[in-house]
Amino acid sequence: MATAEHVIVAEDYDLAATLDSGQAFRWRLGNGLWSGVIGRRCVRLRQEGSSIFAETANSCEDWRWLEEYLQPGTDLAAVLETFPDDPPLHEAVRACRGLRLLRQEPWECLASFILSSTKQIVQIRQIVARLCERFGEPIDGPPGGTGEFSFPTAARIAAASEAELRDCKMGFRAPYLLGTARRVAEGGIDLAGLRGLPLEAAREELMRLPGVGRKIADCALLFGCGFDEAFPIDVWVLKALRQLYFAKRRADKKRLERFAATHFGPHAGYAQQYLFHYIRTKIR
DNA sequence: CTCCAGGCGCCTT
DNA sequence: AAGGCGCATGGA
């Protein structure tokens, strides 16, 4: 089988933290290598200092797809420079310098986060894996592997039954995923076109889809559509904001949404990811 | 066993 | 507008 290797220069980049930070759900660590699927390619990644070594099962000459996904060219120092100068954020960044945002494919990102509600990250990974095995297409994997699959298209999921989706253990999320897949497949929403809209308009579009509320819309916008200012507030970020910024005040979710929209600046999504990682790993 | 997990939609106040 | 609750499933 024709394989291909490539090296990406990535300064100030923590690959492990980035792939394991709950923004993408198809990465596994084994023998020191991160294995995952991007589009129709099976990839293995390993970091040494400021180099990321990549290997695919297919032959490959043009690696722009991987650079697009990993975004190694983002100047992290310049992003952090835009953060507000407050103690909680300094501490969160200090705890995990090099954590990055990925740029994922919008449909896969949206569908994955529809499956994420009230699920732990390990379970989301399991559901996504089952969904890919059952509805994705086989792709070339490493020799001796157990079989790799692409993430299923909206059209393929739209053609499935709710019962078939429930067999992937997604429970009450099945009708949401099915309904949204149908809307996407029939052209009821242009996911790629969202990037050209203002944040609020793009969010409103997404929130018309079944199973997509404010939080999941913001995740799709941040992780899949390149809206750096999107700031998803889940139970963990809610906890971080209350604990670190509103310790002596009571603050409901609406209040915190308004606070986040103005406090964290043009790259608020990065701040959100640092706070998410910090509250999950450091405090418990 | 109970509690809770990167929520949403619907039904009450 | 704001708050409560059910929804499937499985870790902890």
Side-chain angles (χ1 to χ4, degrees), chain A residues 17-27 92 96 99-102 104 106 108-131 133-134 160-184 189 203-225 227-228 230-244 250-260 264 268-284:
Chain A
T18 299
L19 297 182
D20 200 30
S21 63
Q23 51 181 316
F25 303 101
R26 300 205 66 190
W27 294 99
C96 195
L99 177 62
R100 301 292 193 118
L101 292 178
L102 300 168
Q104 302 176 62
E108 174 172 344
C109 185
L110 173 62
S112 297
F113 276 97
I114 287 174
L115 300 176
S116 75
S117 67
T118 52
K119 277 294 177 193
Q120 298 181 128
I121 291 172
V122 282
Q123 296 176 341
I124 303 168
R125 288 198 191 102
Q126 290 169 3
I127 296 170
V128 169
R130 280 193 174 91
L131 187 72
E133 286 167 21
R134 293 213 44 184
S161 69
E162 185 182 317
E164 287 178 307
L165 294 179
R166 282 183 187 265
D167 281 346
C168 299
K169 307 302 179 187
M170 65 182 71
F172 63 84
R173 303 156 194 83
Y176 296 151
L177 180 64
L178 183 56
T180 288
R182 286 178 174 163
R183 290 270 294 278
V184 171
I189 182 169
R203 181 190 290 136
E204 280 179 26
E205 282 292 307
L206 284 169
M207 288 178 66
R208 291 207 185 98
L209 300 167
V212 183
R214 167 75 179 243
K215 189 269 174 180
I216 289 174
D218 281 344
C219 285
L221 293 171
L222 179 62
F223 303 130
C225 300
F227 283 87
D228 263 22
F231 192 96
I233 300 180
D234 73 318
V235 290
W236 291 103
V237 174
L238 190 65
K239 182 175 171 183
L241 292 176
R242 284 185 172 145
Q243 195 167 315
L244 303 174
R250 70 170 187 81
D252 60 24
K253 200 165 175 178
K254 280 296 171 195
R255 172 85 184 86
L256 294 174
E257 282 171 355
R258 274 182 274 119
F259 169 75
F264 293 105
Y270 274 88
Q272 177 274 160
Q273 199 62 12
Y274 276 94
L275 291 172
F276 177 74
H277 187 278
Y278 180 66
I279 200 77
R280 273 196 352 124
T281 59
K282 304 298 174 187
I283 296 182
R284 281 298 181 191

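Below, chains carry the letters A, B, ... as their sequence lines are ordered, and counting in each starts from 1.
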- Message: Testing the basics here: between A:Phe113 and A:Gly22, what is the closest heavy-atom pair and its distance to 0.1 Å?
- Response: CZ-O, 3.7 Å
- Query: Are any non-hydrogen side-chain atoms of A:Pro175 and A:Arg166 less than 4.5 angstrom apart?
  - Reply: yes
- Between A:Phe231 and A:Phe276, does the ring centre distance come in under 6.0 Å? no
- When all nucleic acid strands are considered with a 4.0 Å heavy-atom cut-off, which category describes A:Lys169: base, sugar-phosphate, or nothing? sugar-phosphate
- Flag the pair A:Thr118 / A:Arg173 as yes when at least one side-chain heavy-atom distance between them is below 4.5 Å, and no otherwise. yes
- Query: Is any NZ, NE, NH1 or NH2 atom of the basic residue among A:Asp20 and A:Arg125 found under 4.0 Å from an Asp or Glu carboxylate oxygen of the other?
  - Reply: yes
- Pair A:Glu133 + A:Arg130, salt bridge at N-O below 4.0 Å: no
- Query: Which part of the nucleic acid, if any, lies within reach of A:Gly22 when heavy atoms closer than 4.0 Å are counted: base, sugar-phosphate only, or nothing?
  - Reply: base
- If pairing means Watson-Crick or G-U wobble with both distances under 3.5 Å, then the partner of C:dG4 is B:dC10
- Item | Pairwise P distance for C:dC5 and B:dC3, with rounding to whole Å | 14 Å
- When you measure from every atom of DNA chain C, which of residues 120-129 of chain A have a heavy atom less than 4.0 Å away? A:Gln120, A:Gln123, A:Gln126
- Could you say whether A:Cys219 or A:Leu209 is positioned toward the 5' end of DNA chain B, judged by the nucleotide with the nearest heavy atom to each? A:Cys219
- Message: Mind checking if A:Ser112 touches a base, just sugar-phosphate, or nothing, with heavy atoms under 4.0 Å?
- Response: nothing
- A:Glu257 side chain to A:Arg214 main-chain N or O, any donor-acceptor pair under 3.5 Å? no
- Message: Taking C:dG10 as the reference, what is the distance to B:dG9 when you measure between their C1' atoms (whole Å, please)?
- Response: 23 Å
- Query: Between A:Glu204 and A:Arg208, is there a side-chain N and carboxylate O pair less than 4.0 Å apart?
  - Reply: no
- Task: Go along nucleotides 2-8 of chain C 5' to 3' and tag each nucleotide: B for a protein heavy atom under 4.0 Å from its base, S when only backbone or sugar atoms are that close, - otherwise.
- Result: -----BB
- Task: Evaluate the side-chain proximity of A:Phe223 to A:Leu101: yes if any heavy-atom separation is below 4.5 Å, no if none is.
- Result: yes
- Would you mind classifying the nucleic acid contact of A:Phe223 as base, sugar-phosphate or nothing, using non-hydrogen atoms under 4.0 angstrom? base
- Between which nucleotides of DNA chain B, 5' to 3', does chain A make heavy-atom contacts below 4.0 Å? B:dA5 to B:dG9
- Query: Between C:dG4 and B:dG6, how far is it from one P atom to the other, in whole Å?
  - Reply: 22 Å
- Query: Does some side-chain heavy atom of A:Gln272 sit less than 4.5 Å from a side-chain heavy atom of A:Asp218?
  - Reply: no
- Message: Please report the distance separating the C1' of C:dG11 from the corresponding atom of B:dC8, rounded so that it comes out in whole Å.
- Response: 22 Å
- Please tell me if the side chains of A:Ile114 and A:Ile216 come closer than 4.5 Å, counting only heavy atoms from C-beta onward. yes
